[in-house]
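Here is the structure we will look at.
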Amino acid sequence: MSLVGLLHRPAEPLWQRVLLAPLAPAAGLFGAAAGVRRDLYARGVLRSARAAIPVISVGNLAAGGAGKTPVTIHLVRALQARGLRVAVLSRGYGGTGRGARVVTRGEGLLLDARDAGDEPVLIARRCPGAQVLVGADRAELADLAARFLRADVAVLDDGFQHLALQRDLDIVVLDGGSPFGNGRLLPRGPLREGPEALERAHLGWIAKCDEGDPALVEAAAREVEARTGRPPVRSRYRVRRILAADLRTELPAAALEGQPVLLLAGVARPGSFRRTLEHAGAKVIDEACFPDHHAFTRREVEGVLARARAVGAERVCCTEKDAVRLPPGLHGGERLAVVQVETEIVAGQALLDEALERALRRET
């Protein structure tokens, strides 16, 4: 299990508590520094810009694997269905480019994952017509989107801790499999902020609500309602399509049913992807796991394909987020399958619709 996986375990065995105890002072310093920063914004010492268009933020409390990107995609598509021109503002984590950059104006990709980061490219591919911008200064991006790209609304990706830009709706996504991890702040745990930070949020969202201990999910739902005054939206993943690694060729819906597969993942918490494959009927017989946002090399992918043949796996399966980081031109035929998932809301749709409408009127 990776370090991220360890930190997301709600109940820590004794050996883990002993092993991670030296990180407690650093977590205390992290929490104190974050508190000072929030206070400076609250007192107006650090200024927070207000965009010319409504801003809807999607963020989380824990680092790594909360399911935030599929939620962002769901919201962008919902806003587009209202006839709005949507701009997505992202930091572009993992990308090598610098400064404000346009990934797409809504008509084809202008940057790839190496320059812009995998999540902005994935959002651009999944949300045709949306504008996607990346850069450290999200207030600058919002201004560019409003003034030059004529966007009607901005979706701030991974924005809960980005206090330099005001938002009209703050949505915080929790992972149903591990809502608050081990309950500790970075680096002792996975949390950027503790549960009390939910009091700044307008709406909580429990993603992958079917993947965790029901008791933990319900406890998280009570925490969200107590802190925000509203019950959380709840969602789960469902497989939308299975694609070849070129992300254009669609494979049969039953392509994984009963098939032995090798899981290839460069995501923070591959266990969630394993559950998705198993729900699709696949038999995961081996795994090749890399760090989150890993830029795959041709040699690595060829090695994984060879390993799949050696263990008797019919296919190598990866997430769509991993697929945009595969080396150009290396597709592996139909032996390499990309499982495209989408967010399915199972509770709280009316609450979400109301929150979106209020945000678009700038009343939240």
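These figures come from a predicted structure and were not determined experimentally. The figures that follow rest on heavy atoms only: side chains count, while hydrogens, waters and symmetry mates do not.
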Taking the side chain as every heavy atom from C-beta outward, state whether Ile53 and Asp152 have any atom pair closer than 4.5 Å.
no
Chi angles and distances behind the salt bridge (Lys or Arg N to Asp or Glu O under 4.0 Å) call for Asp353, Arg82:
CA-CA 11 Å; Asp353 290 340; Arg82 287 168 164 79; 3.7 Å; yes
Check whether any side-chain N or O of Arg167 sits under 3.5 Å from a backbone N or O of His162 as a donor-acceptor pair, and report yes or no.
yes
Is there a path of hydrophobic side-chain contacts, each under 4.5 Å between heavy atoms of I, L, V, M, F, W or Y residues, that connects Leu356 with Leu84?
yes
Flag the pair Pro120 / Val88 as yes when at least one side-chain heavy-atom distance between them is below 4.5 Å, and no otherwise.
no
Could you walk me through whether Arg275 and Lys208 pass side-chain contact (heavy atoms from CB on, under 4.5 Å), step by step?
CA-CA 10 Å; Arg275 284 187 287 271; Lys208 299 180 280 185; over 6 Å; no
Please say yes or no: joined through hydrophobic side-chain contacts below 4.5 Å, possibly via intermediate residues, are Val339 and Leu251 part of one cluster?
yes
Closest heavy-atom pair and its distance - Pro195, Glu223
CB-OE2, 3.8 Å
Say whether, by atom type as modelled, one donor and one acceptor occur between the side chain of Arg192 and the main chain of Pro190 under 3.5 angstrom.
no
Considering only NZ, NE, NH1 and NH2 on the basic side and carboxylate oxygens on the acidic side, decide whether Arg125 and Asp118 come within less than 4.0 Å.
no
Check for me, please, whether Leu122 and Phe273 land in the same ILVMFWY cluster - side-chain distances under 4.5 Å, paths through other members count.
no
Calculate, to the nearest 0.5 Å, the distance between atoms CG and CZ belonging to Leu110 and Arg101 respectively.
12.0 Å
Could you check whether Glu193 pairs with Arg38 (Lys NZ or Arg NE/NH1/NH2 to Asp/Glu carboxylate O, under 4.0 Å)?
yes
Would you say that Asp322 contacts Phe290 through its side chain, given a criterion of any heavy-atom pair below 4.5 Å between the two side chains?
no
Would you indicate whether the side-chain heavy atoms of Leu79 and Ile56 approach each other to under 4.5 Å?
yes
Nearest-0.5 Å distance that lies between atom CG in Asp158 and atom CG in Leu89
12.0 Å
For Arg126, run the side-chain hydrogen bond (donor to acceptor under 3.5 Å, both in side chains) check against Glu320, Glu342, His74 and tell me which one passes.
Glu320
Which atom of Ser90 lies closest to which atom of Asp157, heavy atoms considered:
OG-OD2, 3.7 Å
Calculate, to the nearest 0.5 Å, the distance between atoms CG and CD belonging to Leu256 and Glu278 respectively.
12.0 Å
If the threshold is 4.0 Å, N to carboxylate O, is there a salt bridge linking Arg241 and Glu250?
yes
Of all heavy-atom pairs linking Cys289 and Leu263, the shortest is SG-CD2, 4.2 Å
Minimum heavy-atom separation for Ile242 to Ala337, with atom names?
CG2-CB, 4.1 Å
Check for a donor-acceptor pair, side chain of Asp115 on one end and backbone N or O of Gly97 on the other, with a separation under 3.5 Å.
yes
Within the distance-only criterion (no hydrogens, no angle test), does the side chain of Arg150 pair as donor or acceptor with the backbone N or O of Arg85 below 3.5 angstrom?
no
Is any side-chain heavy atom of Leu336 less than 4.5 Å from a side-chain heavy atom of Val304?
no
Derivation of the side-chain contact (heavy atoms from CB on, under 4.5 Å) call for Glu119 and His293:
CA-CA 9 Å; Glu119 290 169 354; His293 303 287; 3.7 Å; yes
If you compare all heavy atoms of Val338 against all heavy atoms of Ala244, which two are closest, and at what distance to 0.1 Å?
CG2-O, 3.9 Å
Test item: Gln16 side-chain N/O and Pro13 main-chain N/O as donor-acceptor pair under 3.5 Å:
no
Donor-acceptor pair, side chain of Asp170 and main chain of His202, under 3.5 angstrom
no
Trace of the side-chain contact (heavy atoms from CB on, under 4.5 Å) decision for Leu198 with Leu61:
CA-CA 8 Å; Leu198 287 165; Leu61 299 182; 4.1 Å; yes
Would you say the side-chain atoms of Gln131 pair up with the backbone N or O of Leu149, donor to acceptor, closer than 3.5 Å?
yes
Using the rule that Ile, Leu, Val, Met, Phe, Trp and Tyr join whenever any side-chain heavy atoms are under 4.5 Å apart, tell me whether Val233 and Leu174 fall into a single cluster.
no
Within the distance-only criterion (no hydrogens, no angle test), does the side chain of Asp39 pair as donor or acceptor with the backbone N or O of Ala42 below 3.5 angstrom?
no
Main-chain N/O of Leu163 paired with Ser48 side-chain donor or acceptor, under 3.5 Å
yes
Please verify the inter-ring angle class for Phe296 with His294; under 30° counts as parallel, over 60° as perpendicular, anything in between as tilted.
perpendicular
Taking Thr228 for its side chain and Leu203 for its backbone only, find out whether a donor-acceptor pair lies under 3.5 Å.
no
Starting at CG of Leu133, measure out to CZ of Arg105 and round the result to the nearest 0.5 Å.
9.0 Å
Could you check if a side-chain atom of Leu75 sits within less than 4.5 angstrom of a side-chain atom of Trp205, using non-hydrogen atoms only?
yes
Distance from Arg240 atom CZ to Thr343 atom OG1, nearest 0.5 Å?
11.5 Å
Could you check if a side-chain atom of Arg188 sits within less than 4.5 angstrom of a side-chain atom of Arg17, using non-hydrogen atoms only?
yes
So which atom in Arg325 and which in Ala113 form the shortest heavy-atom distance, rounded to 0.1 Å?
CG-CB, 4.2 Å
CG on Leu191 to CG on Leu186, rounded to 0.5 Å
7.0 Å
Leu20 with Phe30, same ILVMFWY side-chain cluster at under 4.5 Å
no
Within-4.5 Å side-chain heavy-atom neighbours: Leu351 and Pro231
yes
Got a salt bridge between Lys321 and Asp292, using NZ or NE/NH1/NH2 to carboxylate O under 4.0 Å?
yes
Test salt bridge (Lys or Arg N to Asp or Glu O under 4.0 Å) applied to Glu218 and Arg234, step by step:
CA-CA 11 Å; Glu218 293 308 317; Arg234 303 191 194 204; 2.8 Å; yes
For atom CD of Glu196, is the number of surrounding heavy atoms from other residues, nucleotides or ligands below 6.0 Å larger than 12?
yes
